[in-house]
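Hydrogens, waters and symmetry mates are skipped; everything else that's a heavy atom, side chains included, is used. First listed ligand is number 1; within each ligand, the first listed atom is number 1.
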Amino acid sequence: MTGEIIIAPSILAADFSRLGEEISAIDAAGADWIHCDVMDGHFVPNISFGADVIKAIRPQTEKIFDVHLMIAPTDPYLEAFAQAGADIITVHAEAGPHLDRSLQAIRALGKKAGVSLCPATPESAIAYALDHVDLVLVMTVNPGFGGQSFLEPQLEKIERIKTMIGDRPIRLEVDGGITPDNAAVVAAAGADVLVAGSAVFRGKGVADYGANIQAIRLAAERGRIPKRQDNAAQRMRVSDGGRSGRPA
Ligand code: DX5
Ligand code: ZN
């Protein structure tokens with residue numbers, strides 16, 4: 001599960017009165033995954049939706065359902081989310097004392113297992129979980145609400161987790177306050193899955209959502225250009241007086 005940049009719109013920012021249409025719109029607009037934020041009013045100070053809503057919208061698209069559980073406890077509900085049609089189920093490292101058990105339970109249900117870290121949780125919390133996960137989700141806001149500002153100190157954590165992951169086939173996802181303005185730095189730090197709610201569901205319908213997704217994707221891809229290659233390109237632009245065509 002590694003490779004190209006993935007854009008995962010969070011349906012938390014969708015118009016809930018037209019949720020089915022909104023899913024179809026982001027599908028047609030080029031979303032790679034559909035990010036579903038499940039909140040319980042206990043682990044986080046907000047309530048969103050549960051497995052029945054996910055089951056109801058599942059037929060709207062064939063895209064991967066990336067289900068982010070901001071709930072505690074998690075284990076009693078994993079089977080319900082698996083049956084509702086989740087492809088990836090992510091639990092929080094802070095949600096309970098037995099992270100390893102939760103991750104094994106997700107894989108036993110035949111789903112990809114993810115682990116998420118709140119901003120104040122250090123990367124060491126998942127050091128011994130990495131052989132049991134398919135995805136690490138770094139929260140770049142405090143979970144609970146859409147539309148918050150990106151927390152820049154998390155960039156260092158993303159870099160450290162990228163190093164910890166090494167060659168393992170693990171996706172590194174960022175979630176919270178992602179916009180075209182910071183997509184490049186999160187990708188440069190090592191993130192390859194970008195969740196965005198408010199920055200995608202801006203405007204109305206497929207055309208606007210498509211432009212929003214594309215702006216984030218292009219910025220992230222630009223951020224991913226290896227530094228050495230970037231410096232070489234920079235030197236080329238200087239030495240040929242800018243004739244290579246790319247803006248300096
Ligand atoms: C926060 C959620 C995020 C959030 C993203 O608790 O996990 O997925 O909705 O929304 P924006 O992109 O608006 O920060
Ligand atoms: Zn989320």
Side-chain angles (χ1 to χ4, degrees), residues 5-16 19 22-23 26 29 31-51 53-54 57 63-72 74 77 81 86-95 106 112-121 133-152 154-155 157-158 171-187 191-203 208-209 211-217 219-220:
I5 291 283
I6 295 286
I7 306 296
S10 164
I11 59 170
L12 192 65
D15 177 349
F16 282 2
L19 195 49
E22 293 272 76
I23 308 281
I26 47 166
D32 299 305
W33 295 358
I34 312 297
H35 187 81
C36 304
D37 283 311
V38 177
M39 302 178 180
D40 66 352
H42 166 73
F43 178 69
V44 290
N46 193 11
I47 299 176
S48 59
F49 50 80
V53 170
I54 291 175
I57 57 177
K63 302 264 166 86
I64 286 178
F65 266 28
D66 174 33
V67 175
H68 178 192
L69 296 183
M70 286 162 275
I71 65 174
T74 49
Y77 304 101
F81 285 102
D87 297 291
I88 304 164
I89 301 178
T90 296
V91 295
H92 267 263
E94 307 87 355
I106 295 168
K112 301 279 189 198
V115 61
S116 182
L117 296 176
C118 289
T121 306
V133 299
D134 303 290
L135 175 143
V136 176
L137 168 50
V138 176
M139 290 304 305
T140 41
V141 297
N142 284 292
F145 303 93
Q148 304 180 76
S149 299
F150 177 78
L151 297 171
E152 213 167 315
Q154 299 303 309
L155 284 171
K157 194 197 286 180
I158 297 166
R171 284 279 187 184
L172 182 46
E173 182 173 45
V174 283
D175 184 5
I178 299 298
T179 69
D181 292 336
N182 56 33
V185 287
V186 295
D192 53 20
V193 182
L194 280 69
V195 175
S198 6
V200 168
F201 287 94
R202 219 173 256 157
D208 288 335
Y209 299 169
N212 297 339
I213 289 171
Q214 188 65 355
I216 298 168
R217 191 189 301 285

Can you list the atoms of ligand 1 that are under 4.0 Å from a heavy atom of G176?
-> 14 (O)
Proximal ligand 1 atoms for S10, defined as those under 4.0 Å from one of its heavy atoms = 8 (O), 9 (O)
Specify the protein heavy atom at minimum distance from atom 14 (O) of ligand 1: its residue, its atom name, and the distance to 0.1 Å.
-> G177 N, 2.8 Å
Looking only at N/O atoms, are Q148 and ligand 1 under 3.5 Å apart anywhere?
-> no
How are the rings of H68 and H92 set to each other: parallel, tilted or perpendicular (split at 30° and 60°)?
-> parallel
Assess whether atom CZ of F145 is packed by more than 12 heavy atoms of other residues, nucleotides or ligands within 6.0 Å.
-> yes
State, with a plain yes or no, whether a side-chain heavy atom of F65 is found less than 4.5 Å away from one of I88.
-> no
Close-contact set for ligand 1 against M39 heavy atoms, below 4.0 Å | 6 (O)
Looking at D175, which of its N, O or S atoms is the nearest one to the Zn ion (ligand 2)?
-> OD2
Those atoms of ligand 1 less than 4.0 Å from some heavy atom in A196 = 12 (O)
For G146, take its heavy atoms, then give the atoms of ligand 1 lying under 4.0 Å from any of them.
-> 9 (O), 10 (O), 13 (O)
Side chains of T90 and L135 in contact at under 4.5 Å (non-hydrogen atoms) | yes
Measure the spacing between CG of D175 and CD of E173 and express it to the nearest 0.5 Å.
-> 6.5 Å
Starting from atom 1 (C) of ligand 1, find the nearest protein heavy-atom neighbour and note its residue, name and distance.
-> F145 O, 3.6 Å
Side-chain heavy-atom pair I57, I11 within 4.5 angstrom cut-off = yes
Proximal ligand 1 atoms for H68, defined as those under 4.0 Å from one of its heavy atoms | 7 (O)
of all protein heavy atoms, closest to atom 3 (C) of ligand 1 is D175 OD1, 2.8 Å
Got the closest protein heavy atom to atom 6 (O) of ligand 1, with its distance?
-> G144 N, 2.8 Å
Distance to 0.1 Å, residue and atom name: give those for the protein heavy atom nearest to atom 12 (O) of ligand 1.
-> G197 N, 2.8 Å
Does an N or O from G147, backbone or side chain, lie closer than 3.5 Å to an N or O of ligand 1?
-> yes
Quick one: SG on C36 to CZ on F49, what's the gap to the nearest 0.5 Å?
-> 5.0 Å
When you look at S10 and D37, which way does the side-chain hydrogen bond (donor to acceptor under 3.5 Å, both in side chains) test go after all the steps?
-> CA-CA 7 Å; S10 164; D37 283 311; 2.6 Å; yes
Looking at the Zn ion (ligand 2), which N/O/S atom of D37 is the nearest one?
-> OD1
Specify side chain, backbone, both or neither for S198, according to which of its non-hydrogen atoms lie closer than 4.0 Å to ligand 1.
-> both
Side chain of Q148, backbone of N142: donor and acceptor closer than 3.5 Å?
-> yes
Pair K63 + D87, salt bridge at N-O below 4.0 Å = no
Please confirm whether the backbone N or O of V200 pairs with a side-chain atom of N212, one donor and one acceptor, at under 3.5 Å?
-> yes
For the Zn ion (ligand 2): the N/O/S atom of H68 at shortest distance | ND1
M70 heavy atoms within 4.0 Å reach ligand 1 at atoms 6 (O), 7 (O)
Does a donor on one side chain sit under 3.5 Å from an acceptor on the other, for T121 and E94?
-> yes
Going by the atom numbers of ligand 1, which of them fall below 4.0 Å from some non-hydrogen atom of H35?
-> 8 (O)
